[in-house]
Chemist: 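Sharing a structure here in structure tokens format.
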Amino acid sequence: MFKEYNPIKKKRLQIIDNDGKVINQKLMPKLDDKQLIKAYKDMLFARTADLMIVNYQRQGRIYTYPPNYGQEAISGAVAQIMRDDDWLVPAFREMGAYLAKGASLKELFIYFMGYEDGSLFKNAKNFLPISVPISSQLLHASGIGYEINYNNKDQIVYTFVGDGGTSEGDFHEALNFAGVWKAPVIFIVQNNQYGISTPFKMQTASDGIAIKALAYGIEGIQVDGNDFFAMYKAVEESAKHASGGNGPVLIEAVTYRKGAHTTSDDPTKYRTKEEEEKWDETDPLKRLKAYLIANKLWSEKEEEKIVPQYKKEIDRQFIEAENYGEYALEDVFKFMYTEMPQDIKNQMMEHEKFLKWKEARS
Amino acid sequence: MFKEYNPIKKKRLQIIDNDGKVINQKLMPKLDDKQLIKAYKDMLFARTADLMIVNYQRQGRIYTYPPNYGQEAISGAVAQIMRDDDWLVPAFREMGAYLAKGASLKELFIYFMGYEDGSLFKNAKNFLPISVPISSQLLHASGIGYEINYNNKDQIVYTFVGDGGTSEGDFHEALNFAGVWKAPVIFIVQNNQYGISTPFKMQTASDGIAIKALAYGIEGIQVDGNDFFAMYKAVEESAKHASGGNGPVLIEAVTYRKGAHTTSDDPTKYRTKEEEEKWDETDPLKRLKAYLIANKLWSEKEEEKIVPQYKKEIDRQFIEAENYGEYALEDVFKFMYTEMPQDIKNQMMEHEKFLKWKEARS
Amino acid sequence: MNMVNAINNALDIKMAEDKSVIVYGEDVGVEGGVFRVTEGLQKKHGVERIFDSPLAESGLAGTAVGMAAAGLRPIIEMQFSGFSYPAFNQIISHVSRMHNRSRGKYKQAIVIRMPYGGGINALEHHSESAEAIWGHIPGLKVVIPSNPHDAKGLLISSIESEDPVIYMEPKRIYRAIKQEVEESKFAVPIGKAKVIHKGEDITLVAYGAMIREAQKAAALAKKEGISVEIIDLRTIYPIDRETIAESIKKTGRIITVTEAPKAFGVSAEISAIANEEAFLFLEAPPKRVAGFDTIVPLPKGEHHYLQTAEKILYEIIRTVKY
Amino acid sequence: MNMVNAINNALDIKMAEDKSVIVYGEDVGVEGGVFRVTEGLQKKHGVERIFDSPLAESGLAGTAVGMAAAGLRPIIEMQFSGFSYPAFNQIISHVSRMHNRSRGKYKQAIVIRMPYGGGINALEHHSESAEAIWGHIPGLKVVIPSNPHDAKGLLISSIESEDPVIYMEPKRIYRAIKQEVEESKFAVPIGKAKVIHKGEDITLVAYGAMIREAQKAAALAKKEGISVEIIDLRTIYPIDRETIAESIKKTGRIITVTEAPKAFGVSAEISAIANEEAFLFLEAPPKRVAGFDTIVPLPKGEHHYLQTAEKILYEIIRTVKY
Ligand SMILES: Cc1ncc(C[n+]2csc(CCOP(=O)(O)OP(=O)(O)O)c2C)c(N)n1
Ligand SMILES: Cc1ncc(C[n+]2csc(CCOP(=O)(O)OP(=O)(O)O)c2C)c(N)n1
Ligand SMILES: [Mg+2]
Ligand SMILES: [Mg+2]
């Protein structure tokens, strides 16, 4: 498949069309009904949560949040393939993958409510915290890939970055190191057409992102990122490739950020309604749903029944997070080092003295 | 030509063979006899100087120096094409280009003897100082390229980097910015097979460096960097391309560092005699000389006559540099800012007080 | 004008006046920057002169080095100071050095703007205060305004400086303070601190968003019968030793307030200056009211970290009683 | 052993003992590093465990973050401290933060080795001393040995540290000092300074290559009848306030010697500590014998810049006479 879709051929892997019809039967991944329904439900759950979080944010109940709206098929595909032991090295816009890794919504809420504790992900194995400095996480993935080879482990690293992120030097260094080390890393670029307000054409003069794989002697493939089946196929093949000791893969998932960059952003400033509407036709949930309905695996009724259940569950976890409680002074200091140096202990104690003084005064 | 040598075709531009015979008449650049002789003399002068500097260094008369030995055709070609107004943004291993730009050997000696003054290059227009942090200079070239476009100037930027340097993030960012900006920059990678002791295959898994151009949507070409004619042709076409508003070009000049990395390096630690001998056959001066002799443009006799003259001239400049004189205390401070802040003035004055005290004591 | 308006206004004036001034950075063009500081400027001055760059901070700084060498006066924006670090090598190796390296041949009339500091309930890396690091790098000037007037005047000076300036913007007070600010051009000199509140008993040195806290602390202290002098540092480097020294000679006591980590920070430098310039006048140890030597906590923990008027008051009282 | 041997020996011991220890960097493999510090180790421990990396410092530090999260103990080499800056973002944003960010889930048992400092007649960027910058970054430990024994013991401690350590090697004295050093494993604790010379009249705090100068200065001072106490700081962060304070309480006078720029540097921190811990004992202003706030000159001008025993003596005399 990597040969067929070698980026110099300028082909994009697509399996279903905008109406959910299969247009590439040959590459259609083999998924049974249960798997398909699960995948759709995962995506639906992620979207439901995502839209609710934006609302919570408007209500002032949570801080800045980067919506995933419109990009769910990418994480949705990874979610079906990624194993417990595999690593997930996130950027910040792939919630579906976090949930698949074992993170709870509650933890994510706690994180976006402003507690480091929300990065603990108690039940998630091999899942690094959200990484804010763009592209920097990709090198962590390459390093983990080295460790996997070094210890002959059967693991893969999944890592994410945006189209904007491909401009950073760390993108280059990460893919280059992984290439030289034949590290089992799948680099997934969510090309959602914008880095905040900056359109893709101002990020790079190259023809898409998949082609950048050639600079590192690794496989690359451009995929319709709003086509669940295409994403599934690409991730599945990439995982085989990487597991087989053949080194990293760069997947360009072409998608669209239907929402704002974050809850502090206003996309009407820099893009048109027409553009948004054009992309709406490619919506990943819409397409997978159409496929499922056509194949009698899903119905509007089922959806109407399940969404309120999701909402309830999401709200329950949100309220639990809201009751997470005080941020203890000690939590500022406790994890700076494995053992607190005396100096830091003293700073904490001095601050406690001040707090006592303050209390006594009031 | 860029189409014909598109890096995905894995072709290397070559015009003469190791014996100086033309093997690619079609692309043979049009140079008249005078030009050809000048080019060879430039390269011969550079090599003569280079070998002498290594000797000076052994005599303890100059500090660390990075020899150009074996790579002279690359700078030699640029030297014939680069115009007065063009910019040269150097790394540190392209002496022939510096001299062409108007730098004097004396200045270079002063620099390598340990004076910043050696970077002043009084008669060289648009020539940045040598840049030590690998790859960082490439971004300066892209920025200058923006300025050229911004002010509608008829200029080109020539910039150099090594094969090792292509691994740095700044390489990526520089080519990407230049691509987006359609900046008239010629990025010349001297792929001399090593970054200090690190062989090229450990730098990147890609098939050569020219192919990396595809990641930036710019033209790239792999050239036999020890073939003066091929280098000339590549630079000539690149200059046309860049001047024409078509954006940057990446030239991979395949060459070999015949000498040590610097005078502090010992290449026998990490490469074999056989390898060195194999590459000796491709020596750029040898090949151009064979061509010239075959075409009756040069003779051993002329060479025997001229080399001693060169040596004398080089030595004269070297001795002048050796007499450059004291490094005044003020020179440490004077150029930190356009005007010296009071604090820095005070530090200088305090130090002068100490020096007086010291003198009084002794 | 608030500080956002003032900065926008200074950029506008200099762009109108000097074609060599250009502005670029992530999202500064169409959008006008994530804090809207450059809003409207692209419409007015054109996309060649103010534009979005690829997402790459080293690229921003590195290309500015080249532009400045070629005679432009680039103003680049780091979206947050916490994201300026990929540019660190370009700044320390070239922005600060090209002039010295080329013995004055190539100027680096570059302004690097960056919002900094905490208190806005932001994600990780969005609340940093790394001014001491920039201050420690020879060849840079480092400027931090505390109010709209100074923001404008200092930015004008920074753009007109032939040497590179790190211009740090206390984003917490971007819109918090409104002042009458002259619409026409004026400059506030780099390198001069300002006594913004006269007092007798103790000196507070602060800058940026901490000025507000210092002022509140001074008001609280007044109620306790303590007369506080406040110095707005305005420039981190070259630091104004004279103004600091003079004040200590009067008050005998000094506290530096900064939201940056304490160790090896700005407050240490001021303690050292106090010793060097006014040792015999010191009646109590120079005090550092600074951030902990920890990472700025995420929003729910940030109140522990931020310096408050009360914390300053506490240290004022302790220092005066010493 | 000289310092190069001592470092090599420490690496060798830990590599033999612990398979999770791996070493990589530019030219550290076949060549054994440009200073031959890792010479012979690849032959002994194999190319999987010690190898050349691509020429990319951010890549070095960034991959180490991942390796350490996955349980390895990477030791990376920055060829010169002046080339560590491309890695700055990875170090300040991740190496120093991953442990805190993940609430202790992911350790960062990383050692970043880097030769630093002047005095070797090198090209630009090869003579930097930026320890104050690392010291200012919460989450890092910063270590600088001054002799082979400490180099070995501190490196053992650094490799065994569960937290990241910036291990700076004063390259000027790589081969200048020979000592008997135990072949077997021993540790010198991080965070403990050492009084290496007892004295009564004045305290010199120094580290790295400046210890030699301090010792010479102490000898010169002795001839003038001044008894000097020398503290080898050994750790920049967490800094040993107690040892410094105790010494000042005895001598009443303190000078810090560092080759780094003065402003916002290590010597400022020590002045601040002197104030905070021993104000009432100070008989003269804490003094900074530091580099100028300039770029380290190229070799022909470096003698102006480097701190010498005589310069220290000069300041000792001035401080004692104060
Ligand atoms: C190093 C760095 N620079 C700048 C930022 C600010 N920032 C946050 S998200 C973003 C745009 C990212 O665009 P892209 O990579 O396309 O990802 P997307 O947000 O579209 O998913 C920017 C500039 C940052 N987080 N890190
Ligand atoms: C950022 C940076 N890292 C490391 C070095 C040390 N160093 C100097 S030259 C060199 C190798 C350069 O190799 P290459 O780019 O192939 O150029 P060449 O020396 O072969 O011409 C290295 C690692 C440096 N100067 N700058
Ligand atoms: Mg994007
Ligand atoms: Mg090379």
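Per chain, numbering begins at 1; letters A, B, ... match sequence-line order. On a predicted model such as this, the values are computed, not experimentally measured, just so you know.
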Chemist: Counting only non-hydrogen atoms closer than 4.5 Å, does Ile130(A) touch chain D with its backbone (N, CA, C, O), its side chain (CB onward), both, or neither?
Modeler: backbone
Chemist: So, does Ser131(A) use its side chain to make a donor-acceptor pair with the main chain of Pro90(A) at under 3.5 Å?
Modeler: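 No, because the side chain of Ser131(A) does not come within donor-acceptor range (under 3.5 Å) of the backbone of Pro90(A).
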Chemist: Is the backbone N or O of Gly325(A) less than 3.5 Å from a side-chain atom of Tyr115(A), with the two atoms forming a donor-acceptor pair by type?
Modeler: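 Such a contact is found between Tyr115(A) side chain and Gly325(A) backbone.
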Chemist: With a 4.5 angstrom heavy-atom cut-off, which part of Lys107(D) approaches chain A: side chain, backbone, both or neither?
Modeler: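 For Lys107(D), side-chain heavy atoms alone lie under 4.5 Å from chain A.
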Chemist: Find the one option among Gly191(D), Gly139(D), Ser161(D), Pro238(D) whose heavy-atom pairs under 4.5 Å with chain A are most numerous.
Modeler: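 Sorted descending by pairs with chain A, the first entry is Gly139(D).
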Chemist: Indicate yes or no for a side-chain donor-acceptor contact from Arg73(D) to the backbone of Ala109(D) under 3.5 Å, with no hydrogens or angles considered.
Modeler: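 Here the side-chain-to-backbone pair does not exist.
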Chemist: With chain D, which of Ala183(A), Pro341(A), Pro133(A), Ser142(A) has the greatest number of heavy-atom pairs at distances under 4.5 Å?
Modeler: Pro133(A)
Chemist: Tell me if a side-chain donor or acceptor on Ser157(D) pairs with a main-chain N or O of Gly153(D) at a distance below 3.5 Å.
Modeler: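 Such a contact is found between Ser157(D) side chain and Gly153(D) backbone.
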Chemist: Give, as side chain, backbone, both or neither, the part of Arg241(D) having an atom under 4.5 angstrom from any heavy atom of chain A.
Modeler: side chain
Chemist: Compute both the distance and the angle, then confirm whether Lys105(D) meets the cation-pi test with Phe127(A): under 6.0 Å from the six-membered ring centre, within 45 degrees of the axis.
Modeler: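 No - Lys105(D) does not lie over the ring of Phe127(A) by the 6.0 Å and 45° rule.
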Chemist: With a 4.5 Å cut-off on heavy-atom pairs, point out which of Trp87(A), Phe177(A), Phe121(A) contacts chain D the most.
Modeler: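 So the answer, after comparing Trp87(A), Phe177(A), Phe121(A), is Phe177(A).
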Chemist: Please flag which part of Ala64(D) lies under 4.5 Å from any non-hydrogen atom of chain A: side chain, backbone, both or neither.
Modeler: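 Nothing of Ala64(D), per the 4.5 Å heavy-atom cut-off to chain A.
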Chemist: Ser58(D) versus chain A, heavy atoms under 4.5 Å apart: side chain, backbone, both or neither?
Modeler: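 For Ser58(D), heavy atoms of backbone and side chain both lie under 4.5 Å from chain A.
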Chemist: Determine whether more than 12 heavy atoms belonging to other residues, nucleotides or ligands lie under 6.0 Å from atom NZ of Lys334(A).
Modeler: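 Count over threshold, so yes.
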Chemist: Between Val157(A), Asp331(A), Asn176(A), Ile344(A), which has the largest tally of heavy atom pairs under 4.5 Å with chain D?
Modeler: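 Among Val157(A), Asp331(A), Asn176(A), Ile344(A), the one with the most close pairs to chain D is Asp331(A).
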Chemist: State whether the side chain of Glu77(D) and the backbone N or O of Ile75(D) hold a donor-acceptor pair below 3.5 Å, judged by distance alone.
Modeler: no
Chemist: For residues Gln317(A) and Ser104(A), report the shortest heavy-atom separation together with the two atoms involved.
Modeler: OE1-CB, 4.0 Å
Chemist: When heavy-atom pairs shorter than 4.5 Å are enumerated against chain A, which of Gln108(D), Lys19(D), Glu242(D), Arg97(D) gives the highest number?
Modeler: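 Ranked by contacts with chain A, first place is Lys19(D).
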Chemist: Which of the residues Gly118(A), Ser136(A), Ala178(A) is involved in the greatest number of heavy-atom pairs with chain D at under 4.5 angstrom?
Modeler: Ser136(A)
Chemist: Answer with side chain, backbone, both or neither: which region of Gln90(D) has an atom nearer than 4.5 Å to a non-hydrogen atom of chain A?
Modeler: side chain
Chemist: Where does Asn149(A) contact chain D at under 4.5 Å (heavy atoms): side chain, backbone, both or neither?
Modeler: neither
Chemist: Does any heavy atom of chain D fall under 4.5 Å from the side chain of Asp117(A), the backbone, both, or neither of them?
Modeler: both
Chemist: Using atom types as modelled and distance alone, determine if a side-chain donor or acceptor of Asp52(D) lies under 3.5 Å from a backbone N or O of Val28(D).
Modeler: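 Answer holds: yes.
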Chemist: Whether the Thr258(D) and Tyr207(D) side chains hold a donor-acceptor pair (N or O, under 3.5 Å, no angle test) is what I'd like checked.
Modeler: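 A pair is found: one side chain offers a donor N or O, the other an acceptor, under 3.5 Å apart.
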Chemist: Taking side chain as everything from C-beta outward and backbone as N, CA, C, O, which of these in Pro138(D) sits under 4.5 Å from a heavy atom of chain A? Side chain, backbone, both or neither.
Modeler: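 It is both, since atoms from each part get that close.
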Chemist: Is there a donor-acceptor contact under 3.5 Å linking the side chains of Tyr216(A) and His172(A)?
Modeler: yes
Chemist: Need one label for Tyr337(A): side chain, backbone, both or neither, based on atoms under 4.5 Å from any heavy atom in chain D.
Modeler: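 Both backbone and side chain.
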Chemist: Give, as side chain, backbone, both or neither, the part of Ile190(D) having an atom under 4.5 angstrom from any heavy atom of chain A.
Modeler: neither
Chemist: Chain D heavy atoms under 4.5 Å from Glu147(A): which part of the residue, side chain, backbone, both or neither?
Modeler: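 Answer is both: backbone and side chain atoms of Glu147(A) are under 4.5 Å from chain D.
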Chemist: Looking at Glu173(A), Lys153(A), Glu339(A), which makes the most heavy-atom pairs under 4.5 Å with chain D?
Modeler: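 Most heavy-atom pairs within the cutoff with chain D belong to Glu173(A).
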Chemist: Under 4.5 Å heavy-atom distance to chain A, tell me which part of His94(D) shows up: side chain, backbone, both or neither.
Modeler: side chain
Chemist: Can you tell me how the ring of Phe51(D) sits relative to the ring of Tyr146(A), calling it parallel under 30°, perpendicular over 60° and tilted otherwise?
Modeler: parallel
Chemist: If you count heavy-atom pairs under 4.5 Å with chain A, which of Met67(D), Arg49(D), Arg103(D) comes out on top?
Modeler: Arg103(D)
Chemist: Among side-chain atoms of Ser247(D) and Thr203(D), is any donor-acceptor pair under 3.5 angstrom?
Modeler: yes
